[in-house]
Amino acid sequence: MKYALVTGGSRGIGRAVCVELARKGFPVLINYASNEAAALETRRMVEEEGGQAELLPFNVAEVEAVDAALMEWSDRHPEDYIAVLVNNAGVRNDTMMMWMQNEQWHQVLDIHLNGFFYVTRRLLKDMLTQRYGRIVNVVSLSGIKGLPGQTNYSAAKAGIIGATKALAQEVGKRGVTVNAVAPGFIATDMTRDLDEKALKEMIPLNRFGKPEEVADLVAFLASDKAAYITGEVISINGGLYT
Ligand code: NAP
């Protein structure tokens, strides 16, 4: 069976992606860092749609934890493989660079950029052997345009964009596609502290996006219909920046 793994699947965009991929028929692995209650709620939502989901907690920034969890899963599923990987786990830790602490820089780089590397590297072999795979990286407008107060986050997301383009060229011949989606402002826990009323004035479509809208795009890129799209970064931002 072809499984889909969604990192950071317990909340926000990741949760919506889990539900949408389940609707498309994938058994879903819900990764998260610590919020088990939220991950269980995602599983309930997947099951409500008639889908199948398993929790797979690990910290994407800890290489040993990533390797152990994925190896243990493979041992339990000798007949299956993870054909769809959505690298979505993430945090913000914003401040002007002048005041940024080493920990703030490293935390964001570790979770986004190193996390992308640790998880993706482990799953590539099966995708290449099976000659089929879909990797979708959730990046950000911040990684394309840069946003003040987010040098750590912009650097991490821009790094993933570079890796997306390079990896797409490495694995294309084997039927594996690698793309990125770059959301603008999406209404989730991550943006709860922002002033939506003021910020939406800057957005041509005059609102924050919904996690489900990002999930539809991710699910399309994960589908057979997107077989000829690779190495792309697709913005979903209400026209904020293109
Ligand atoms: P969110 O609602 O805050 O959810 C974050 C998710 O990431 C949670 O499931 C969380 O797990 C998980 N996570 C955090 N650190 C992790 C780690 N070290 N290991 C494993 N999982 C971890 O965030 P969101 O808004 O949905 O964001 C999802 C992705 O979209 C992120 O990559 C973010 O940078 C990107 N993005 C978001 C926006 C936006 O406006 N919301 C815009 C552009 C890009 P727990 O529940 O266990 O904490």
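Just the heavy atoms: all of them, side chains too, but no hydrogens, waters or symmetry mates, feed the values below. Atoms within each ligand, like the ligands themselves, are counted from 1 in listed order.
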| task | For the pair E47 and R44, find out whether any cationic side-chain nitrogen is under 4.0 Å from an anionic carboxylate oxygen. | result | no

| request: Within a distance under 4.0 Å of any heavy atom of G12, pick out the atoms of ligand 1 and give their elements. | output: 2 (O), 26 (O)

| Can N88 be said to touch ligand 1, with heavy atoms closer than 4.0 Å? | yes

| request: Pick one of side chain, backbone, both or neither for how Y32 approaches ligand 1, counting any non-hydrogen atom pair under 4.0 Å. | output: both

| query | With a cut-off of 4.0 Å, which atoms of ligand 1 are near a heavy atom of N59? | reply | 17 (C), 18 (N), 19 (N)

| message | I'd like to know whether ligand 1 has G184 as a neighbour, heavy-atom separation below 4.0 Å. | response | yes

| request: Nearest 0.5 Å please: distance from the NE2 atom of H112 over to the CG atom of N88. | output: 9.5 Å

| remark: Looking at S34, S142, G14, A65, the heavy atom closest to atom 47 (O) of ligand 1 belongs to S34

| remark: CE of M100 to CG of N152, rounded to nearest 0.5 Å, is 3.5 Å

| Option among H106, E103, Q104 that satisfies the side chain to side chain donor-acceptor pair (under 3.5 Å) test with N93 | Q104

| task | Record the part of A38 in heavy-atom contact with ligand 1 below 4.0 Å; permitted values are side chain, backbone, both and neither. | result | neither

Would you give me the side-chain donor-acceptor pairs under 3.5 Å for residues 206-222, sequence neighbours excluded?
| residue | atom | partner | partner atom | Å |
| --- | --- | --- | --- | --- |
| R207 | NH1 | E213 | OE1 | 3.0 |
| R207 | NH2 | E213 | OE2 | 2.8 |
| E213 | OE1 | K210 | N | 2.9 |

| Considering only heavy atoms from C-beta outward, does the side chain of V233 approach that of N179 to under 4.5 Å? | no

| Under 4.0 Å from any heavy atom of H112, which atoms of ligand 1 are there? | 32 (O), 34 (O)

| query | Is the backbone N or O of T188 less than 3.5 Å from a side-chain atom of T191, with the two atoms forming a donor-acceptor pair by type? | reply | yes

| query | For S10, does its backbone N or O pair with a side-chain atom of R15 as donor and acceptor, under 3.5 Å? | reply | yes

| request: Using a 4.5 Å cut-off on heavy atoms from C-beta on, say whether the side chain of H77 contacts that of Y3. | output: yes

| query | What protein heavy atom sits nearest atom 46 (O) of ligand 1, and how far off is it? | reply | S10 OG, 2.6 Å

| Distance from atom 26 (O) of ligand 1 to nearest protein heavy atom, with residue and atom | I13 N, 2.8 Å

| T42 side-chain N/O to G9 backbone N/O, donor-acceptor pair under 3.5 Å | yes

| message | Using a 3.5 Å cut-off on N or O atoms only, is F185 in polar contact with ligand 1? | response | no

| field | Shortest protein contact, atom 43 (C) of ligand 1 (heavy atom only) | value | P183 O, 3.4 Å

| What atoms in ligand 1 come closer than 4.0 Å to a heavy atom of I111? | 18 (N)

| remark: Atoms of ligand 1 under 4.0 Å from any heavy atom of D189, numbered from 1 in the order shown, are 2 (O)

| So, do P183 and V138 sit near enough that their side-chain heavy atoms are less than 4.5 Å apart? | yes

| query | Tell me, which protein residue and heavy-atom name are nearest atom 12 (C) of ligand 1, and how many Å apart are they? | reply | G8 CA, 3.5 Å

| query | Among L70, V84, V28, which residue meets the side chain to side chain contact (heavy atoms under 4.5 Å, CB included) test with L5? | reply | L70

| message | Checking contacts here: is it the side chain or the backbone of N35 that comes within 4.0 Å of ligand 1, counting heavy atoms only? Could be both or neither. | response | both

| Heavy atom of the protein closest to atom 10 (C) of ligand 1 (residue, atom name, distance) | R11 NH2, 3.7 Å

| query | For ligand 1, which atoms sit closer than 4.0 Å to a heavy atom of N31? | reply | 20 (C), 21 (N)

| request: Kindly identify the option in T188, V119, V139 whose heavy atom sits closest to atom 24 (P) of ligand 1. | output: T188

| task | Please determine if D193 and R92 form a salt bridge, counting it only when a charged side-chain N lies under 4.0 Å from a carboxylate O. | result | yes

| query | Does a side-chain heavy-atom distance below 4.5 Å link W105 with M97? | reply | yes

| query | Tell me, which protein residue and heavy-atom name are nearest atom 30 (O) of ligand 1, and how many Å apart are they? | reply | V138 CG1, 3.3 Å

| request: Quick one: look up the protein heavy atom nearest atom 14 (C) of ligand 1 and list residue, atom name and how far away it is. | output: G90 O, 3.6 Å

| message | Counting only heavy atoms, tell me which of A37, A61, A16, A89 gets closest to atom 22 (C) of ligand 1. | response | A89

| field | Protein contact to atom 33 (C) of ligand 1 [nearest heavy atom, distance to 0.1 Å] | value | Y153 OH, 3.4 Å

| task | For ligand 1, indicate whether the residue T191 contacts it via side chain, backbone, both or neither (heavy-atom separation under 4.0 Å). | result | side chain

| said: Please compare V86, V60, N114 and report which has the shortest non-hydrogen distance to atom 19 (N) of ligand 1. | reply: V60

| request: Compute the minimum heavy-atom distance from F58 to ligand 1 and say whether it is under 4.0 Å. | output: yes

| task | Just do the side chain to side chain donor-acceptor pair (under 3.5 Å) check on T120 and N87 with the steps written out, would you? | result | CA-CA 8 Å; T120 307; N87 286 302; 3.1 Å; yes

| said: If we only consider heavy atoms of R92, is any one of them less than 4.0 Å away from an atom in ligand 1? | reply: no

| request: Using the six-membered ring of Y132, assess whether NZ or CZ of K2 lies under 6.0 Å from its centre and within 45 degrees of the ring axis. | output: yes

